[in-house]
Amino acid sequence: MRSHILSTILLAASSLTLSAQGLCPTIADRCEKHITSQYIPDGQFYRALLQGDEVAEFGMTLFGGATYRLAACSGDSDGLLLFSVYDRDRNLLFTNKEHSAAPYWDLVVANTLEATVEAYLDPSRAGSGCAVLLAGFKK
Amino acid sequence: MASSIQLRPALLLGTVLLLAACGGTDTSTQDAVADTTQVAEDAEGTRIVQLGGRNFSVPSPVQAAYAIRSAGLKYNSALLAEGSRSGAMTDRSKRSLFLGMLGADMAYVTVHGDGQKALVTLQTMERIAAELELSNAFDRALVERFKANLGSEDSLLRFGGAAFRAADEYLQENDRMDISAHVLAGGWLESMHLTLSDPAAANNKALMSRVGEQRRSLEDLITLIGSLPDEGQNVDLLTGLKDLQVIFADITSTYTYEAPVTESSKRTTYINSKSEVVITPEQYTRIATRVKELRSKILA
């Protein structure tokens, strides 16, 4: 009996996990529209399931002379995901928190730098969800 | 120093039970479950989550192709992986690396306007992708779209980037991170090969810097490949990358922060920080040699 209950709970847990993971592609499809035809997708997919105050982060080298577009999406509408870009010394280069949680932003890079992008859910609008970050660039 | 922790099953179950009891609390509570994503905690107690099991981005091969063209290096189709391959590939990791290489080749031939090579490369990609069960991203429809846009460099590059992103997404959603990692590594290695194979590159300061700027990507790739389950298939790759890391460790770089300028109306930030990478001709030659050796092993 006990093992039956445990199996049921585990099944429910894995079903919900799969359900949450299954939502990421839908969010990615919506987010992709922000990487407009002027930009070439970087060919990579960044996603994380976030809860509460968890922060998703990734490092990227931004090459001098290029313009990058970063798009950040979660849930079923824009503005749920806050994202910030830091340099290697942790200087803040940009945050969409100061720009009405804009779902995308362009970075014009003069000289190559190693950056860290951090994303987290707007606590006033979402307690959890799939965070998707996409990047594109142009010459 | 961040310490790595895993989300525990108890937390998972607790979350599920809480959700079941509450019936949802906000627009996205249906997402509110943990997966097996790595979570770490930094010094300030912030929980850091890796994106899709990795926490970095590898530079797009398209950017390397643009840099090669901007440097004025001569286009050379003999450098492509398809022509260098000496045997059939039965190993999944080698096929994945090869697919990444083909992606870099595709970018190279496209920015140099070789539509015919682009089409041949795409057809090989389609076949390898099918062998890796990635036909969702590289299918007949993509080939047809390519054919219809052979005269448009931008369209071809966009299609390629979108196809690799779709493949990456599919691989992550289906827990096939080993293939995703090998595709990234193959693309990076081939981009390095295409950049370094022309001796004239050594005389181009911008290209020399671009090579030196790959240090972080190399380190990230080593971490990624090193984290994969391994039954011996990654030994050559990891050894080769680590050999390169030794050379890169001696390359000097400087970075000076300068305040960025943001134009809200354009949704644009101008990042004005200064940086410089100094790479000696000897370091350049050693990197080129190691890249050539590693690539040959993979294609053997």
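Values below: all heavy atoms of this structure, side chains included; hydrogens, waters and symmetry mates excluded. So that the names make sense, note that chain A is the first sequence line, chain B the second, and so on, each numbered from 1.
Residue contact with chain B, scored on non-hydrogen atoms closer than 4.5 Å, is absent for A:Tyr120. Looking at B:Thr262, the atoms closer than 4.5 Å to chain A (heavy atoms on both sides) all sit in the side chain, from C-beta outward. Using a 4.5 Å cut-off between heavy atoms, B:Thr254 touches chain A through its backbone atoms (N, CA, C, O) alone. When heavy atoms are compared at a cutoff of 4.5 Å, B:Tyr255 approaches chain A by way of both its backbone and its side chain. Only the side chain of A:Glu32 comes within less than 4.5 Å of a heavy atom of chain B; its backbone N, CA, C and O stay farther away. Residue A:Ala115 touches chain B through its backbone alone, counting heavy-atom pairs closer than 4.5 Å. For B:Val183, no part lies near chain A; criterion is any non-hydrogen pair under 4.5 Å. In this structure, chain B has no heavy atom under 4.5 Å from any part of A:Ser77. With a 4.5 Å cut-off on non-hydrogen atoms, B:Glu263 touches chain A through its backbone but not through its side chain.
Between B:Pro260 and A:Leu93, some side-chain heavy-atom pair lies under the 4.5 Å cut-off. Two residues are said to be in side-chain contact when any heavy atoms from C-beta on lie closer than 4.5 Å; A:Phe137 and B:Tyr66 meet this criterion. In this structure the side chain of A:Phe94 never reaches within 4.5 angstrom of the side chain of B:Ile271, judged on heavy atoms. Residues A:Pro103 and B:Arg267 meet the side-chain proximity criterion, which asks for heavy atoms closer than 4.5 Å. For the pair A:Thr61/B:Gln63, no side-chain contact is recorded, criterion being any heavy-atom separation below 4.5 Å from C-beta on. Inter-residue side-chain proximity for B:Lys266 and A:Asp106 is flagged as unmet; no heavy-atom pair is nearer than 4.5 Å. Between B:Ser209 and A:Thr112, every side-chain heavy-atom pair lies at or beyond the 4.5 Å cut-off.
In this structure, A:Asn111 contributes its side chain and B:Ser275 its backbone to no donor-acceptor pair below 3.5 Å. B:Glu213 places no side-chain N or O within 3.5 Å of a backbone atom of A:Phe63 that could act as its donor or acceptor partner. Judged by distance alone, with hydrogens and angles left aside, the side-chain atoms of B:Arg216 form no donor-acceptor pair with the main-chain N or O of A:Leu113 at under 3.5 Å. Under a 3.5 Å cut-off, the side chain of B:Arg158 and the backbone N or O of A:Ile40 do not form any donor-acceptor pair.
By number of non-hydrogen pairs under 4.5 angstrom with chain A, the leading residue of B:Val277, B:Val58, B:Val261 is B:Val58. Between chain A and the options B:Ser273, B:Ser253, B:Gly161, the largest number of non-hydrogen pairs under 4.5 Å is found for B:Gly161. Considering only heavy-atom pairs separated by less than 4.5 Å from chain B, the leading option among A:Arg88, A:Arg69, A:Lys138, A:His99 is A:Arg88. Per-residue heavy-atom pair counts under 4.5 Å with chain A were compared for B:Ala162, B:Pro61, B:Ser70, B:Ala206, and the maximum is reached by B:Ala162. Of the listed residues (A:Asp42, A:Ile35, A:Asn91, A:Leu107), the greatest number of heavy-atom pairs within a distance under 4.5 Å of chain B belongs to A:Asn91. The candidate from A:Ala135, A:Gly64, A:Ala66 with the greatest count of non-hydrogen atom pairs under 4.5 Å with chain B is A:Ala135. Between chain B and the options A:Pro41, A:Ala110, A:Ala28, the largest number of non-hydrogen pairs under 4.5 Å is found for A:Pro41.
Across all non-hydrogen atoms, the minimal contact from A:Leu92 to B:Tyr257 is O-OH, 4.1 Å.
Sparse packing is recorded around NZ of A:Lys97, with 12 or fewer heavy atoms of other residues, nucleotides or ligands lying under 6.0 Å away.
Here A:Glu114 does not pair with B:Arg215 in a salt bridge; the nearest charged N to carboxylate O distance is not below 4.0 Å.
Residue B:Glu258 holds its CD atom at 11.5 Å from CG of A:Asp87, rounded to the nearest 0.5 Å. The distance from atom CZ of A:Arg47 to atom CG of B:Asp168, rounded to the nearest 0.5 Å, is 10.0 Å. Between atom CD of residue B:Glu173 and atom SG of residue A:Cys24 there is a gap of 5.0 Å, rounded to the nearest 0.5 Å.
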